[in-house]
Peer 1: 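Quick one: this structure, given as structure tokens, is what I'll be asking you about.
Ligands are counted one by one from 1 in listed order, and the atoms in each one are counted from 1 as well. Given the structure is predicted, the values throughout are model-derived calculations rather than measurements.
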Amino acid sequence: MQTLRVELGSRAYPIHIGRGLLGRADLLAQFITGSRTAVVSNTTVAPLYLEPLVAGLTACGLDVVRIILPDGETYKNWGTLNLIYDQLLAARCDRQTTIIALGGGVIGDLAGFAAASYQRGVPYLQVPTTLLAQVDSSVGGKTAINHPGGKNMIGAFYQPIAVVADVNTLATLPDRELRAGLAEVIKHGLLTDLEFFEWIEANIDQLLARDTEALTHAVHRSCAIKAQIVALDERETGTRALLNLGHTFGHAIETAMGYGVWLHGEAVAAGIAMAADLSRRLGILSEADLRRVISVLERAGLPVSAPAIALPRFIELISVDKKAAAGRVRFVLLEGLGSAIVRGDVPQDALVGTLGAAG
Ligand code: NAD
Ligand code: GLY
């Protein structure tokens, strides 16, 4: 097992990464101060992983409430969040109850927001079971639900008390979901770490073949990069915005297509390609580096252009991005591989060029 820390002062927490960690209920139980825990999962993940985890927690002396939600991005909404509150209340869960999120990013975001708001806040643990959740969404404390008007528009910054990522769970992940997770791995390399990006280029086939060592390295390095950025800027007043590379375009694609039609990671992949294209148009990224970005995404089996979305609608959706400030959309762009910046002064013709080329 490898352990990293997200250094956030009194809210610092560990990220444990390794094989077979779901069998180590003690890793979770040590953080649970009350006698109860509520495990939030879904109809796909629960049959695979819930009962062994419950058995371990019970053996640690904990009373476990099971909350099983419908599966899918379309359920990351107010109605499903209410199902969590309903079941917490029905089981008379109090403020000493610790929530455990067992699943991918949808479960992590929903359960995290429930934890942030139930009785004004109860502790929660992240147990991510998708590659995307292990390399990204389980770390950093962003919790949210979607709104018909925009992705992740309702939510809270609320840190977990620990993250336990068992890479063995990735064995049952559908191929399409594995590839979607690789989009966020590639994003992390592009942001700050050329060496990691080059490692991804060299190891993409091993990652797609689910080589455990390669996957563990990808999870570890991604979490280290994300933890460092989150520690600098927990509430995204500056540096953390870099973690949104590809997301301004990606969130617009997800909203335009209808939640769940494109996977989040697929939309981010197209968004990264578009951010790189925009960077090239602005003259800050070379054609050769743009080609390398596109190539690694393509080799991961990910989309590198957006679906057809009418230009005015695309621009409208981009303008509701959470990074917008004083009416200006801020884009995460690439100055090179491993070097990202945020710019709020993108000329409309360059943006239209990228959106036009994509559609
Ligand atoms: P997901 O949670 O929908 O999981 C993908 C699919 O895989 C689901 O059908 C799920 O049930 C299934 N699954 C999960 N684990 C499995 C396993 N081990 N074996 C087999 N099937 C399994 O999607 P995701 O890609 O994990 O997460 C995407 C969500 O994460 C989006 O809503 C996105 O907005 C959010 N996100 C949040 C952050 C953050 O910082 N909070 C960061 C990135 C993404
Ligand atoms: N996924 C972006 C962030 O956590 O800030």
Side-chain angles (χ1 to χ4, degrees), residues 6 22 40-50 68-77 80 101-113 116 126-146 150-153 155-160 163 165-185 187-188 191 210 215 222-223 225-227 229-248 250-251 253-255 259-260 262-269 271 322-323 332:
V6 185
L22 276 184
V40 179
S41 193
N42 70 23
T43 48
T44 303
V45 177
L48 293 168
Y49 300 113
L50 179 61
I68 315 295
L69 303 175
D71 181 13
E73 185 74 38
T74 50
Y75 293 101
K76 196 174 131 176
N77 60 22
T80 313
L102 174 70
V106 169
I107 286 296
D109 281 11
L110 272 164
F113 190 33
Q126 288 276 14
V127 183
T129 62
T130 63
L131 182 61
L132 187 138
Q134 294 188 357
V135 300
D136 192 346
S137 63
S138 62
V139 174
K142 277 191 182 174
T143 73
I145 55 171
N146 300 326
K151 254 300 269 186
N152 294 336
M153 278 293 157
F157 286 98
Y158 191 63
Q159 300 295 339
V163 179
D166 182 345
V167 291
N168 283 358
T169 60
L170 304 180
T172 54
L173 203 59
D175 275 337
R176 187 177 169 199
E177 300 290 350
L178 184 83
R179 288 195 292 272
L182 288 174
E184 303 280 16
V185 175
K187 177 192 80 176
H188 286 127
L191 289 184
R210 300 178 198 232
L215 285 172
S222 292
C223 286
I225 291 167
K226 182 159 184 183
I229 293 176
V230 169
L232 289 172
D233 178 24
E234 181 185 7
R235 296 180 75 88
E236 200 168 304
T237 53
T239 319
R240 185 167 180 167
L242 295 180
L243 290 171
N244 292 314
L245 175 66
H247 286 59
T248 307
H251 283 165
I253 293 170
E254 286 184 88
T255 308
Y259 299 126
W262 275 48
L263 299 182
H264 175 70
E266 293 169 343
V268 166
K322 290 189 291 307
K323 286 185 301 305
V332 185

Peer 1: Looking only at distance, does Thr172 have an N or O less than 3.5 Å from an N or O of ligand 1?
Peer 2: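 Between Thr172 and ligand 1, an N or O pair is found under 3.5 Å apart.
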Peer 1: Compute the shortest N/O to N/O distance between Gly105 and ligand 1 and return yes if it is under 3.5 Å, no if not.
Peer 2: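 In this structure, Gly105 places an N or O atom under 3.5 Å from an N or O of ligand 1.
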Peer 1: Under a 4.0 Å N-O cut-off, is there an ion pair linking Asp136 with Lys226?
Peer 2: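 Lys226 and Asp136: salt-bridged.
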Peer 1: Could you tell me the residue and atom name of the protein heavy atom closest to atom 22 (C) of ligand 1, and the distance to it rounded to 0.1 Å?
Peer 2: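 For atom 22 (C) of ligand 1, the nearest protein heavy atom comes out as Leu173 CD1, 3.7 Å.
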Peer 1: Please report the interatomic distance OG1(Thr255) to CH2(Trp262), rounded to the nearest 0.5 Å.
Peer 2: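 Those atoms lie 13.0 Å apart.
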Peer 1: With the threshold set at under 4.0 angstrom, would you say His251 reaches ligand 1 through any of its heavy atoms?
Peer 2: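 No, His251 has no heavy atom closer than 4.0 Å to ligand 1.
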Peer 1: Would you please determine whether Tyr49 falls within less than 4.0 Å of ligand 1 on a heavy-atom basis?
Peer 2: yes
Peer 1: Which ligand 1 atoms, with their elements, are less than 4.0 angstrom from a heavy-atom of Lys151?
Peer 2: 31 (C), 32 (O), 33 (C), 34 (O)
Peer 1: So between Arg176, His264, Glu73, whose heavy atom ends up nearest atom 32 (O) of ligand 1?
Peer 2: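 Among Arg176, His264, Glu73, the closest heavy atom to atom 32 (O) of ligand 1 belongs to Glu73.
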Peer 1: Would you mind reporting whether Ile107 and Leu69 have side-chain heavy atoms less than 4.5 Å apart?
Peer 2: yes
Peer 1: Do Thr169 and Asp166 get their side chains close enough for a donor-acceptor pair, meaning under 3.5 Å?
Peer 2: no
Peer 1: When you look at Glu254 and His264, which way does the side chain to side chain donor-acceptor pair (under 3.5 Å) test go after all the steps?
Peer 2: CA-CA 7 Å; Glu254 286 184 88; His264 175 70; 2.8 Å; yes
Peer 1: Have a look at Asn244, Val139, Asp233 and point out the one with the heavy atom closest to atom 2 (C) of ligand 2.
Peer 2: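 Among Asn244, Val139, Asp233, the closest heavy atom to atom 2 (C) of ligand 2 belongs to Asn244.
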Peer 1: Do you see a donor-acceptor pair shorter than 3.5 Å between the side chains of Thr44 and Asp71?
Peer 2: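 Indeed, the side chains of Thr44 and Asp71 share at least one donor-acceptor pair under 3.5 Å.
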Peer 1: Between Asp109 and ligand 1, does any nitrogen or oxygen pair lie at a separation below 3.5 Å?
Peer 2: yes
Peer 1: Closest heavy-atom contact between Ile229 and Thr239?
Peer 2: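 Looking at all heavy atoms of both residues, the shortest contact is CG2-O, 4.0 Å.
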Peer 1: Of all the non-hydrogen atoms in the protein, which one sits nearest to atom 38 (C) of ligand 1, and at what distance?
Peer 2: Ser137 CB, 3.2 Å
Peer 1: Should Glu184 be listed as contacting ligand 2, given a heavy-atom distance under 4.0 Å as the test?
Peer 2: no
Peer 1: Could you check whether any side-chain heavy atom of Gln134 comes within less than 4.5 Å of a side-chain heavy atom of Val167, counting everything from C-beta outward?
Peer 2: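 In contact.
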Peer 1: Residue-level breakdown please: for Leu263 versus ligand 1, do any non-hydrogen atoms fall below 4.0 Å on the side chain, on the backbone, on both, or on neither?
Peer 2: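 Leu263 to ligand 1: no contact under 4.0 Å from either part.
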Peer 1: When you check the gap from the basic side-chain N to the acidic O, do Asp175 and Arg210 get nearer than 4.0 Å?
Peer 2: yes
Peer 1: Are Leu102 and Leu50 side-chain neighbours, meaning at least one heavy-atom pair lies under 4.5 Å?
Peer 2: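 Counting from C-beta outward, Leu102 and Leu50 do come under 4.5 Å.
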Peer 1: Check whether any side-chain heavy atom of Ser137 lies under 4.5 Å from a side-chain heavy atom of Leu132, and answer yes or no.
Peer 2: yes
Peer 1: List ligand 1 atoms under 4.0 Å from Lys76, heavy atoms only on the residue side.
Peer 2: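 Once the distances to Lys76 are compared, the set is 31 (C), 32 (O), 33 (C), 34 (O), 35 (C).
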Peer 1: Is the shortest N/O to N/O distance between His247 and ligand 1 below 3.5 Å?
Peer 2: no
Peer 1: What I'd like to find out is whether the side chain of Gln159 reaches to under 4.5 Å of the side chain of Glu234, using heavy atoms alone.
Peer 2: yes
Peer 1: Show which atoms of ligand 1 fall inside a sub-4.0 Å distance from at least one heavy-atom site of Thr169.
Peer 2: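 This gives 17 (C), 18 (N) as the contact atoms.
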Peer 1: Can you tell which part of Leu170 has a heavy atom less than 4.0 Å from ligand 1: side chain, backbone, both or neither?
Peer 2: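 None of Leu170 does.
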Peer 1: Do any N/O atoms on Asp71 end up under 3.5 angstrom from N/O atoms on ligand 1?
Peer 2: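 Checking ligand 1 against Asp71, an N or O pair does fall under 3.5 Å apart.
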Peer 1: Can you tell me the protein heavy atom closest to atom 15 (N) of ligand 1 and the distance?
Peer 2: Thr129 OG1, 2.7 Å
Peer 1: Show which atoms of ligand 1 fall inside a sub-4.0 Å distance from at least one heavy-atom site of Asn42.
Peer 2: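 Near Asn42, meaning under 4.0 Å from one of its heavy atoms, ligand 1 has 10 (C), 11 (O).
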Peer 1: At a non-hydrogen distance cut-off of under 4.0 Å, which region of Val45 contacts ligand 1 (side chain, backbone, both, or neither)?
Peer 2: side chain
Peer 1: List the closest protein heavy-atom neighbour of atom 21 (N) of ligand 1: residue, atom name, distance to the nearest 0.1 Å.
Peer 2: Pro174 CD, 3.8 Å
Peer 1: Can you tell me which portion of Leu48 lies within the under-4.0 Å heavy-atom range of ligand 1? Options are side chain, backbone, both, or neither.
Peer 2: side chain
Peer 1: Are Asn152 and Lys76 packed together at the side-chain level, in the sense that at least one heavy-atom pair is separated by less than 4.5 angstrom?
Peer 2: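 Yes; the side chains approach each other to less than 4.5 Å.
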Peer 1: Where is the nearest protein heavy atom to atom 26 (O) of ligand 1: which residue, which atom, and how far?
Peer 2: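 The closest one turns out to be Thr130 OG1, 2.6 Å.
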Peer 1: Check Arg179 with Glu266, please: is the shortest side-chain N to carboxylate O separation under 4.0 Å?
Peer 2: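 Not counted as a salt bridge, because no side-chain N and carboxylate O are separated by less than 4.0 Å.
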Peer 1: Where do Asn244 and Glu236 land on the side-chain contact (heavy atoms from CB on, under 4.5 Å) test, with the steps shown first?
Peer 2: CA-CA 10 Å; Asn244 292 314; Glu236 200 168 304; 3.0 Å; yes
Peer 1: Could you check whether any side-chain heavy atom of Thr172 comes within less than 4.5 Å of a side-chain heavy atom of Tyr49, counting everything from C-beta outward?
Peer 2: yes
Peer 1: Can you tell if the side chain of Val332 reaches within under 4.5 Å of the side chain of Thr248, non-hydrogen atoms only?
Peer 2: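 Counting from C-beta outward, Val332 and Thr248 never come under 4.5 Å.
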Peer 1: Does Lys226 come within less than 4.0 Å of ligand 1, judged by its heavy atoms?
Peer 2: yes
Peer 1: Does any N or O of ligand 1 fall below 3.5 Å from an N or O anywhere on Val106, backbone included?
Peer 2: yes
Peer 1: Would you say Asp136 and ligand 1 have an N/O pair spaced under 3.5 Å apart?
Peer 2: no
Peer 1: Using a 4.0 Å heavy-atom cut-off, which part of Leu132 comes near ligand 1: side chain, backbone, both, or neither?
Peer 2: side chain
Peer 1: Tell me whether Arg240 has any N or O atom under 3.5 angstrom from an N or O of ligand 2.
Peer 2: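 Between Arg240 and ligand 2 (N or O atoms, distance only) the closest approach is under 3.5 Å.
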Peer 1: Starting from atom 1 (N) of ligand 2, find the nearest protein heavy-atom neighbour and note its residue, name and distance.
Peer 2: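 In this structure, atom 1 (N) of ligand 2 has Asp136 OD1, 3.5 Å as its nearest protein heavy atom.
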